[in-house]
Amino acid sequence: MHLLASRTANGEILVRPLDSSGRPSEPATLLAEHDFPRYALRQEASAPRWVFEDTSRIYPILLGGGVKVQRGHDLRLCHAILRLSAATQSSELARAEPNRWDRAPALEPQAAEPGSTLFDLVFDDDTVENDSTEEFRRQLEAVATCADPGRLRLLLAAESAGALIAAEMQFAGLPWRTDIHEGLLTRELGPRVAPGIRPERLEGLAQVIRRELGDPHLNPDSQPDLMRALQRVGLEVSSTRAWELQKLQHPVIAPLLDYKKLARLLSANGWYWMDTWIVDGRFHPEYVPGGVVTGRWATRGGGALQLPKQVRGAVVADTGWKLVVADAAQLEPRILAALSRDTAMATAGRGTDLYAGIVASGVVETRDHAKVAMLGAMYGATTGESGRLLPQLKKAYPRAIELTETAARAGERGDVVSTRLGRSSPRPGERWLATQAQAYHPGATDADERRARSQARDWGRFTRNFIVQGSAAEWALCWMAEIRRELRLLAPRQFDSGRPSPGPVFAESPHLVFFLHDEVIVHTPAALADDVEQIVTRAAATAGRHLFGDFPVDFLLTVATVDSYAEAK
DNA sequence: CGACCCTGCGCG
DNA sequence: AAAGCGCGCAGGGTCG
């Protein structure tokens, strides 16, 4: 059973039951917004799949009303996948003119208060293309008529589960101790100062830098000024990047590197950041599922996917609770091994650190070499150490390396590549095609050809990486969806249909609070931490089976139950 | 003044 | 141009 829930022009919620092919089956129900959670909770007894036009816009109403749902289908996200997927190119959906389902969602951040601003899904033009019921039917049909529906079906389910999880994680927030964060800032930067003023320690370092560079008015935050000042004292730099400065011998270097480090802390995660993003002891970033072309998530605001290790000590479980932090070890190379069915490479990672396994197999000398060679293979490195190590890797793991090279060649030609579950890479743009065409033009110059070749290789590196990064993102979605499903079984109380009035969704039971590409954090009552660890571990194996069947590849995790995020690895 | 680009750096 | 992918964000600087 599907329940399509959408918002009407006057702010009510319209729920339309649909049958398995997406056709309206029973009469629709019209609800006031505040009645929606209670209604949804009743429906949950039969575990419907909720069809949302945009999960991030409508699900917060339910969460705010104390209701989590089990299953979802996000029309906007699934449309994006099906529109581009090579597997569904002949479908009605893919061949239709661009319509409202292709338009980017409104970019303004959501209001913190769920349900206060949700106008963007209301459309005046009641055309067939814009109707959600029709769109859902087109999506089901596109999947059903493609060559291998199972994979896409899984992808759409995983993507949609991701949308539910993203909304839930934003709603729940990551536990954040502002007192600990403040302590760190004061220790590193000095006492808090008003915005625009340099904290004590930064000002002190700025003075030292000015003295060493003989420029009493230098603003170390100005890259051009700093570069000129460095050159004036005879330091030949072409940039002011930390890694480049590190190589130089001069008394200004040490204080300058300190300055950069601290200036970064201040601007990225200083007091202003804390005031903006931490509300009632929780960090509530907005996750954007499908925000990256490869299918990875992005975030909007707060820089949640760049939380520096430096400040992770402020992420602390509530009293009586724990954080279960789990990280997929060497995820992308394992994905590559499975994608290419390279049993030798899969064997190297069986029950052990994959890079260590590669060393143990005698392929390269050190773990560091194994890592840099693997990354180079997946990113398309040609020079340097990883370029030199590639032949050894190729000899040991021909199937895996072959797959990356095939993907690169496809991209160089301008072809599309696809992930394990069928997410396809975007086609190169007009400019790319024009540059390639120019190189084949009779009057093409050497420069034209060089440019075209270099651009083709760039796109090849993109498609090479796309299949691995994108398939890894799919694994991670399946992993998380499975964790979520099992966590619910672990603490079923608030979902039981017998409970007549919904309560706070995250007050009592373990729930996901953070996701970072190949890493999750579950916030859990301490007594359940062991169960959560098992769930997370089991879910990794399940995700592997969902993607790769019985191909014998391990997806190892490092799992830790901790009080503070900083304690994990 | 805002819009935009550039540089640099954090994360995977 | 940090060898080699994908991001977000802040601050300086320039331009209209």
Side-chain angles (χ1 to χ4, degrees), chain A residues 107 109 195-196 198 202 218-228 237-247 256-257 259-270 272-273 276-277 285-312 327-333 335-336 371-390 404 407-408 411 417 419 425-426 454 457-473 475-476 514-520 565 569:
Chain A
L107 280 180
R198 269 202 194 91
L202 269 181
L218 174 70
N219 173 12
D221 294 319
S222 165
Q223 190 265 351
D225 289 2
L226 183 57
M227 187 119 100
R228 273 190 293 272
V237 287
S238 53
S239 81
T240 63
R241 293 180 176 88
W243 64 264
E244 193 166 340
L245 298 179
Q246 238 150 27
K247 299 184 292 198
L256 185 50
L257 291 175
Y259 182 92
K260 282 173 156 288
K261 192 81 188 156
L262 293 179
R264 169 76 191 186
L265 173 64
L266 175 65
S267 76
N269 299 100
Y272 180 75
W273 179 89
T276 309
W277 295 104
E286 183 187 353
Y287 296 93
V288 186
V292 178
V293 274
T294 58
R296 275 188 173 182
W297 289 12
T299 56
R300 207 149 37 207
L305 301 185
Q306 305 139 257
L307 262 194
K309 299 217 158 76
Q310 210 178 6
V311 303
R312 292 184 181 182
D327 176 310
Q330 308 93 40
L331 177 59
E332 293 197 347
I335 291 288
L336 174 60
K371 182 173 179 174
V372 82
M374 274 308 315
L375 291 178
M378 293 184 298
Y379 294 161
T382 53
T383 63
E385 190 162 54
S386 71
R388 277 196 300 281
L389 292 166
L390 189 63
T404 66
V417 297
T419 60
S425 62
S454 146
R457 286 206 200 95
D458 288 348
W459 197 255
R461 282 194 302 278
F462 166 62
T463 52
R464 172 199 295 267
N465 187 247
F466 183 93
I467 55 167
V468 179
Q469 187 183 120
S471 300
W475 179 91
F514 195 58
F515 171 53
L516 189 51
H517 307 314
D518 59 359
E519 178 177 345
V520 298
Y565 190 16
K569 75 171 179 187

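A quick note: this is a predicted structure, and the numbers were derived from the prediction, not measured. Note: hydrogens, waters and symmetry copies are ignored here, and every other heavy atom, side chains too, is used. Residue numbering restarts at 1 for every chain, and letters A, B, ... go by the order of the sequence lines.
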A.B. asks: Within this structure, what is the OH-to-P distance between Tyr379(A) and dA2(C), rounded to whole angstrom?
C.D. replies: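 The distance from OH of Tyr379(A) to P of dA2(C) comes to 17 Å, rounded to the nearest Å.
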A.B. asks: Using the C1' atoms only, state how far dG4(C) lies from dC9(C), rounded to an integer number of Å.
C.D. replies: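 dC9(C) and dG4(C) have their C1' atoms separated by 23 Å.
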A.B. asks: State which residues pass salt bridge (Lys or Arg N to Asp or Glu O under 4.0 Å) with Arg464(A); sequence neighbours excluded, sorted by chain then number.
C.D. replies: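 Scan of Arg464(A) (salt bridge (Lys or Arg N to Asp or Glu O under 4.0 Å), adjacent residues dropped) gives none.
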A.B. asks: Would you mind reading off the distance between Phe466(A) atom CZ and dG12(B) atom P, rounded to a whole angstrom?
C.D. replies: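 These atoms are roughly 22 Å apart.
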A.B. asks: Using the 3.5 Å cut-off, write out each protein N or O paired with an N or O of nucleotides 6-8 of chain B and the distance between them.
C.D. replies:
unit_1: dT7(B); atom_1: O3'; unit_2: Gln223(A); atom_2: NE2; d: 3.1
unit_1: dG8(B); atom_1: OP1; unit_2: Gln223(A); atom_2: NE2; d: 2.8
unit_1: dG8(B); atom_1: OP1; unit_2: Thr240(A); atom_2: N; d: 2.7
unit_1: dG8(B); atom_1: OP1; unit_2: Thr240(A); atom_2: OG1; d: 2.7
unit_1: dG8(B); atom_1: OP2; unit_2: Arg241(A); atom_2: NH1; d: 3.3
unit_1: dG8(B); atom_1: O3'; unit_2: Lys260(A); atom_2: NZ; d: 3.4

A.B. asks: Would you kindly give the CH2-to-P distance between Trp297(A) and dG8(C), to the nearest whole Å?
C.D. replies: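 Between P of dG8(C) and CH2 of Trp297(A): 15 Å.
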A.B. asks: Reckon Ala298(A) touches a base, only the sugar-phosphate, or nothing at all at heavy-atom distances under 4.0 Å?
C.D. replies: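 Sugar-phosphate only.
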A.B. asks: Quick one: label Val293(A) by what it contacts on the DNA or RNA (base, sugar-phosphate, nothing), any heavy atom closer than 4.0 Å.
C.D. replies: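 Val293(A): backbone/sugar contact only, no base atoms under 4.0 Å.
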A.B. asks: With side-chain contact (heavy atoms from CB on, under 4.5 Å) as the criterion, how do Tyr259(A) and Asp221(A) come out once you've worked through the C-alpha distance, each side chain's angles and the decisive distance to 0.1 Å?
C.D. replies: CA-CA 9 Å; Tyr259(A) 182 92; Asp221(A) 294 319; 3.1 Å; yes
A.B. asks: Rounded to whole Å, please give me the gap between CD in Glu286(A) and P in dC7(C).
C.D. replies: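 Answer to the nearest Å: 17 Å.
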A.B. asks: In whole Å, what separates the C1' atom of dA3(C) from that of dC4(B)?
C.D. replies: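 Here dA3(C) and dC4(B) have their C1' atoms 30 Å from each other.
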A.B. asks: Apply the test side-chain contact (heavy atoms from CB on, under 4.5 Å) to residues Arg198(A) and Leu266(A): give CA-CA distance (whole Å), side-chain angles for both, the deciding distance (0.1 Å), then the verdict.
C.D. replies: CA-CA 9 Å; Arg198(A) 269 202 194 91; Leu266(A) 175 65; over 6 Å; no
A.B. asks: Let me know the distance between CE of Met378(A) and P of dA3(C), rounded to the nearest Å.
C.D. replies: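 Rounding to the nearest Å, CE of Met378(A) and P of dA3(C) are 17 Å apart.
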A.B. asks: Is any side-chain N of the basic residue among Glu332(A) and Arg296(A) closer than 4.0 Å to the acidic one's carboxylate O?
C.D. replies: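 Salt bridge between Glu332(A) and Arg296(A), a charged N being under 4.0 Å from a carboxylate O: yes.
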A.B. asks: Which part of the nucleic acid, if any, lies within contact of Lys261(A), taking any heavy atom under 4.0 Å across all strands shown: a base, the sugar-phosphate backbone alone, or nothing?
C.D. replies: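 Sugar-phosphate, no base atom in range.
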A.B. asks: Need one value for Ser386(A): base, sugar-phosphate or nothing, where a base atom within 4.0 Å counts as base even if backbone is also close, heavy atoms only.
C.D. replies: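 Counting heavy atoms under 4.0 Å across all strands, the contact made by Ser386(A) includes a base.
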A.B. asks: Write down the protein N/O and nucleotide N/O pairs, taken from nucleotides 14-16 of chain C, whose separation is under 3.5 Å; answer none if there are no such pairs.
C.D. replies:
none

A.B. asks: How does DNA chain C look in dot-bracket notation if pairs are Watson-Crick or G-U with both distances under 3.5 Å, crossing ones as [ ], other-strand ones as |?
C.D. replies: ....||||||||||||
A.B. asks: Please report, rounded to the nearest Å, how far the P atom of dG12(B) is from the CD atom of Gln469(A).
C.D. replies: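 The distance from CD of Gln469(A) to P of dG12(B) comes to 14 Å, rounded to the nearest Å.
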A.B. asks: Base, sugar-phosphate alone, or nothing: which one does Arg461(A) contact when heavy atoms must sit under 4.0 Å apart?
C.D. replies: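 Touches sugar-phosphate only.
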A.B. asks: Round to a whole Å and report the spacing from CZ of Arg457(A) to P of dC5(C).
C.D. replies: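 So the CZ-P distance, Arg457(A) to dC5(C), works out to 13 Å.
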A.B. asks: Applying a 4.0 Å non-hydrogen cut-off, can you work out what Arg388(A) is touching in the nucleic acid: base, sugar-phosphate, or nothing?
C.D. replies: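 Nothing: the residue Arg388(A), judged by heavy atoms under 4.0 Å, touches no strand.
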A.B. asks: Check every strand shown and say whether Leu331(A) touches a base, only sugar-phosphate, or nothing at a heavy-atom separation below 4.0 Å.
C.D. replies: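 If one applies the 4.0 Å heavy-atom cut-off, Leu331(A) turns out to touch nothing in the nucleic acid.
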A.B. asks: Check residues 302-311 of chain A and write down every donor-acceptor pair under 3.5 Å in which the side-chain atom is one partner and the other belongs to a residue at least two apart or another chain.
C.D. replies:
none

A.B. asks: Expressed in angstrom and rounded to an integer, what is the separation of Tyr565(A) atom OH from dG10(B) atom C1'?
C.D. replies: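 Atom OH in Tyr565(A) sits about 13 Å away from atom C1' in dG10(B).
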A.B. asks: Ignoring hydrogens and angles, tell me if any N or O in the side chain of Thr463(A) forms a donor-acceptor pair with the backbone of Gly460(A) under 3.5 Å.
C.D. replies: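 Yes, the answer is positive, given that a donor and an acceptor are paired below the 3.5 Å cut-off.
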A.B. asks: Can you pull the side chain to side chain donor-acceptor pair (under 3.5 Å) pairs that have at least one residue in residues 372-389 of chain A, sequence neighbours excluded?
C.D. replies: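 Passing the test, one end in residues 372-389 of chain A: His369(A)-Glu385(A).
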A.B. asks: Both Gly380(A) and Tyr272(A) contact DNA chain C. Which one's nearest nucleotide lies toward the 5' end?
C.D. replies: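 Whichever sits nearer the 5' end wins; that is Gly380(A).
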A.B. asks: May I ask you to say what Gly291(A) touches in the nucleic acid, namely base, sugar-phosphate or nothing, with a heavy-atom cut-off under 4.0 Å?
C.D. replies: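 Nothing: the residue Gly291(A), judged by heavy atoms under 4.0 Å, touches no strand.
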A.B. asks: Students often get this wrong, so: under 4.0 angstrom with heavy atoms, is Gly387(A) touching a base, only sugar-phosphate, or nothing?
C.D. replies: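 Since no nucleic acid heavy atom lies under 4.0 Å of Gly387(A), the category is nothing.
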A.B. asks: Supply the atom-to-atom distance Leu226(A) CG to Lys260(A) NZ, rounded to the nearest 0.5 angstrom.
C.D. replies: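 Atom-to-atom, Leu226(A):CG and Lys260(A):NZ are 6.5 Å apart.
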A.B. asks: Does any donor-acceptor pair link the side chain of Arg464(A) with the base of dG4(C) at a separation under 3.5 Å?
C.D. replies: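 It does not, because no donor-acceptor pair links the side chain of Arg464(A) to the base of dG4(C) below 3.5 Å.
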